Amino acid sequence: MSSLIVSTGLLERDFYLRPTLEVAHDLIGKYLVYKTEAGLLSARLVEVEAYIGEDDLACHASVGITKRNAVMYGMGGYSYIYFIYGMYYCLNVVTEDEGFPAAVLIRGAEPVEGMELMRHHFGDDKHNLLTNGPGKLCKAFALTRKENGIDLTGNRLYLEDRGYKVGKIGRSTRIGINKGIEKKWRFVELNSQYLSAKIK
DNA sequence: ACTGGGATTTTCT
DNA sequence: GAAAATCCCAGTG
């Protein structure tokens, strides 16, 4: 957290190979950047959730390794994208060292670049908030199963520090789960207009 | 403000 | 065959 040297630019491997709660906290205020054929998309993260290990009953790895969750068992700094509820994808950032399954779910962000392309991906123009919620964020960015397992230290899909000064950060329980509901592993930038749900 | 249900299909038991 | 780390809409109070 505060022990990190202040620097801007691409988040390198070391950023991800740390305890997941630290990574989750530090991801708030960082920029998600995706270079597509049609243009560049970016958004500043305002809401994330940590899913940590097989003992975390809400974590996909709680049932052991499967075809779907395999990248969570790999080294930190890779994308984990899964399909859910028959129609949505969710983007995670894998954390910690190889062999320990953990990731941070990206739940909300403020659009920065490529708003028109995001709107186009959405397919309609009646939405104002295109990236407040994990399913909506992936839809706006057009991220699908094909983007699962991407190295986030590369130059196609990555996170970077642009020197943004983060506002007050709040914590709460995680959204949309039935088990592990006691853990306060959701981090949000409190004054953001781009949260998927108000903090309790 | 709060509640409940429907959409839609992959994934794992 | 059931559940799912979601989202939106319609109904009620």
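Each chain gets a letter, A, B and so on, in the order its sequence line appears, and its residues count up from 1. Predicted, not measured: the structure shown is a model, and the values here were computed from it.
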_Sequence-distant partners of A:F122, ring pair (Phe, Tyr, Trp, His ring centres under 6.0 Å), two or more places apart_ =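 A:F122 satisfies ring pair (Phe, Tyr, Trp, His ring centres under 6.0 Å) with A:H127 once adjacent residues are dropped.
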*Which residue lies more 5' along DNA chain C, comparing A:N178 with A:F122 via nearest heavy atoms*: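 Nearest nucleotide further toward 5': that of A:N178.
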*Nearest nucleotide by nearest heavy atom, which residue falls closer to the 5' end of DNA chain C, A:P134 or A:K179?*
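Counting from the 5' end, the first nearest nucleotide belongs to A:K179.
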Side-chain donor-acceptor distances from residues 84-92 of chain A under 3.5 Å, at least two apart:
unit_1	atom_1	unit_2	atom_2	d
A:Y89	OH	A:R145	NH2	3.4
A:N92	ND2	A:Y80	O	3.1

_Main chain of A:G108, side chain of A:N132: is a donor-acceptor contact present, judged purely on distance under 3.5 Å?_
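Such a contact is absent between A:N132 side chain and A:G108 backbone.
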_Base-paired stems that DNA chain B participates in, counting runs of 3 or more Watson-Crick or G-U pairs under 3.5 Å_ =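 Expected stems, ordered by start: B:1-7 with C:6-12, B:9-12 with C:1-4.
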Applying salt bridge (charged side-chain N to carboxylate O under 4.0 Å, His left out), name anything that partners [X], two or more places apart in sequence or on another chain.
X      : result
A:D151 : A:R13
A:E160 : A:R162
A:R156 : A:E147
A:R44  : A:E110, A:E189

*Mind checking the P distance from C:dA5 to B:dT3? Whole angstroms is fine.*
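Going atom to atom, P in each nucleotide, I get 22 Å.
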Of all residues at least two apart in sequence or in a different chain, which pass the side chain to side chain contact (heavy atoms under 4.5 Å, CB included) check with [X]?
X      : answer
A:A43  : A:A109, A:F141
A:I65  : A:N69, A:A70, A:Y73
A:S196 : A:E47, A:R107, A:R186

Remember a base hit wins even if backbone is also touched, and classify [X] as base, sugar-phosphate or nothing at under 4.0 Å, heavy atoms.
X      : answer
A:N92  : base
A:G135 : sugar-phosphate
A:L105 : base

_Heavy atoms of other groups near A:Q193 CD, more than 12 under 6.0 Å_ =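 Incorrect, the count does not exceed 12.
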*Under a criterion of less than 4.0 angstrom to any heavy atom of chain A, what are the 5'-terminal and 3'-terminal contacting nucleotides of DNA chain C?*
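Range of nucleotides touched by chain A: C:dA4 to C:dC8.
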So which protein nitrogen or oxygen atoms get under 3.5 Å of nucleotides 11-13 of chain B's nitrogens or oxygens?
unit_1	atom_1	unit_2	atom_2	d
B:dT11	OP1	A:R145	NH1	3.2
B:dC12	OP1	A:T66	OG1	2.4
B:dC12	OP1	A:R68	N	3.2

